[in-house]
Amino acid sequence: MDRPLILISNDDGYQAKGINTLIDMVLPLADVLVCAPDGPRSGFSAAFSATTPLRLTLRHEAPGLQVWSSNGTPVDCVKLALSQLCRERQPSMVVGGINHGDNGSVNSHYSGTMGVVLEGCMKYLPSVAFSLCNHDDDADFEPLRPYVTDMVQRVLRDGLPQGVCLNINFPVAQQFKGVKVCRMARGSWVNECSRMMHPRGYEYFWMVGHYTNDEPEAEDTDNWALTHGYVAITPTHIDVTHYEMLEEMKHWTFPTP
């Protein structure tokens with residue numbers, strides 16, 4: 001029987017430990033096509049390149065595996081892979097990660113890893129993002145292995161509803177307390193711009209900041225789950241329509257022509 005094909009990308013670059021550990025985790029389950037940025041692209045969200053010529057470079061080949069890189073964004077990588085590398089064989093699933101860093105709460109809006117799965121989801125492919133709350137280049141991803149392989153097997157078998165992708169975040173621990181299916185926490189970033197002076201006399205800024213959980217006691221959120229040692233799974237919807245507001249606005253009056 002033909003093996004499924006999984007398309008993998010990330011926002012840390014094709015050389016990152018997270019994506020290479022992910023390849024090792026899922027290669028026993030499926031053939032793997034990697035198309036990832038040639039360097040870090042954190043914070044690129046769903047951006048794509050409208051003015052930059054894009055390149056594809058084959059980095060590695062092995063039985064059941066091809067690794068390509070691009071000078072583009074994570075979303076560029078998915079678009080390039082689907083249009084140029086998957087002409088004869090469409091992937092069964094798109095996987096983003098494993099990200100070096102937390103993509104819970106509002107971080108998911110900025111995340112290039114989530115950009116990967118949102119793009120896959122918009123192409124009607126089952127898509128899942130994995131992230132570990134550890135930014136270290138040499139982070140330990142091994143505790144994630146049984147959870148990653150279980151979820152990939154489940155989605156390969158059962159699929160996901162159209163327009164829905166999964167954002168899965170792991171706390172830093174050798175053993176997790178369990179899994180929580182939860183909503184995105186309300187949070188905010190503060191002190192985001194750090195003003196600096198260049199030795200040549202002009203000012204410049206670093207985008208840094210500190211994240212604040214604005215509802216720390218809410219036990220049904222991804223932030224609570226991660227803080228308390230649980231794996232957080234948040235189903236994420238492509239359709240951003242607020243349907244309650246939609247119904248309310250149907251009763252508004254507007255100027256007539």
For Glu217, salt bridge (Lys or Arg N to Asp or Glu O under 4.0 Å) partners two or more places apart:
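Counting only residues at least two positions away or on another chain, Glu217 forms no salt bridge (Lys or Arg N to Asp or Glu O under 4.0 Å).
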
Can you tell whether the side chains of Lys17 and Asp138 come within less than 4.0 Å, N to carboxylate O?
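Looking at Asp138 together with Lys17, the answer is yes, because their closest N to O distance falls below 4.0 Å.
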
Lys/Arg-Asp/Glu bridge criterion (N-O < 4.0 Å) met for Arg3, Asp31
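Counted as a salt bridge, because a side-chain N and a carboxylate O are separated by less than 4.0 Å.
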
Taking the side chain from [X] and the backbone from [Y], do they hold a donor-acceptor pair closer than 3.5 Å?
| X | Y | value |
| --- | --- | --- |
| His60 | Val67 | no |
| Asp24 | Thr21 | no |
| Gln66 | Leu33 | no |
| His109 | Ser45 | no |
| Arg145 | Leu22 | no |
| Thr234 | Cys182 | yes |

Is the count of non-hydrogen atoms from other residues, nucleotides or ligands lying under 6.0 Å from [X] atom [atom1] greater than 12?
| X | atom1 | answer |
| --- | --- | --- |
| Glu244 | CD | no |
| Arg154 | CZ | no |
| Arg186 | CZ | no |
| Tyr124 | OH | no |

Membership question, hydrophobic clusters at under 4.5 Å side-chain separation (ILVMFWY): are Val117 and Phe141 in the same one?
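Different clusters: Phe141 never reaches Val117 through Ile, Leu, Val, Met, Phe, Trp or Tyr contacts under 4.5 Å.
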
Can you list everything that forms a side chain to side chain donor-acceptor pair (under 3.5 Å) with Arg55? Sequence neighbours excluded, please.
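Scan of Arg55 (side chain to side chain donor-acceptor pair (under 3.5 Å), adjacent residues dropped) gives none.
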
For Tyr147 and Phe176: C-alpha separation, side-chain torsions, deciding distance, then whether ring-ring contact (aromatic ring centres under 6.0 Å, His included) applies.
CA-CA 10 Å; Tyr147 298 88; Phe176 308 118; 5.4 Å; yes

Who are the side chain to side chain contact (heavy atoms under 4.5 Å, CB included) partners of Met249, not counting sequence neighbours?
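Partners of Met249 under the side chain to side chain contact (heavy atoms under 4.5 Å, CB included) test: Met245, Trp252.
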
How would you list, by chain and number, every residue that makes a side chain to side chain contact (heavy atoms under 4.5 Å, CB included) with Pro216, sequence neighbours excluded?
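In terms of side chain to side chain contact (heavy atoms under 4.5 Å, CB included), with neighbours along the sequence ignored, Pro216 is linked to Asn213.
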
Under a single-linkage rule joining Ile, Leu, Val, Met, Phe, Trp and Tyr whose side-chain heavy atoms are separated by less than 4.5 Å, which residues share a cluster with Leu118?
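Its cluster partners, ordered by chain and number, are Met122, Ile238.
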
Linking directly or through intermediates, with side-chain heavy atoms under 4.5 Å: list the remaining ILVMFWY members grouped with Phe44, chain and number order.
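The other cluster members (ILVMFWY side chains, heavy atoms under 4.5 Å, direct or chained): none.
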
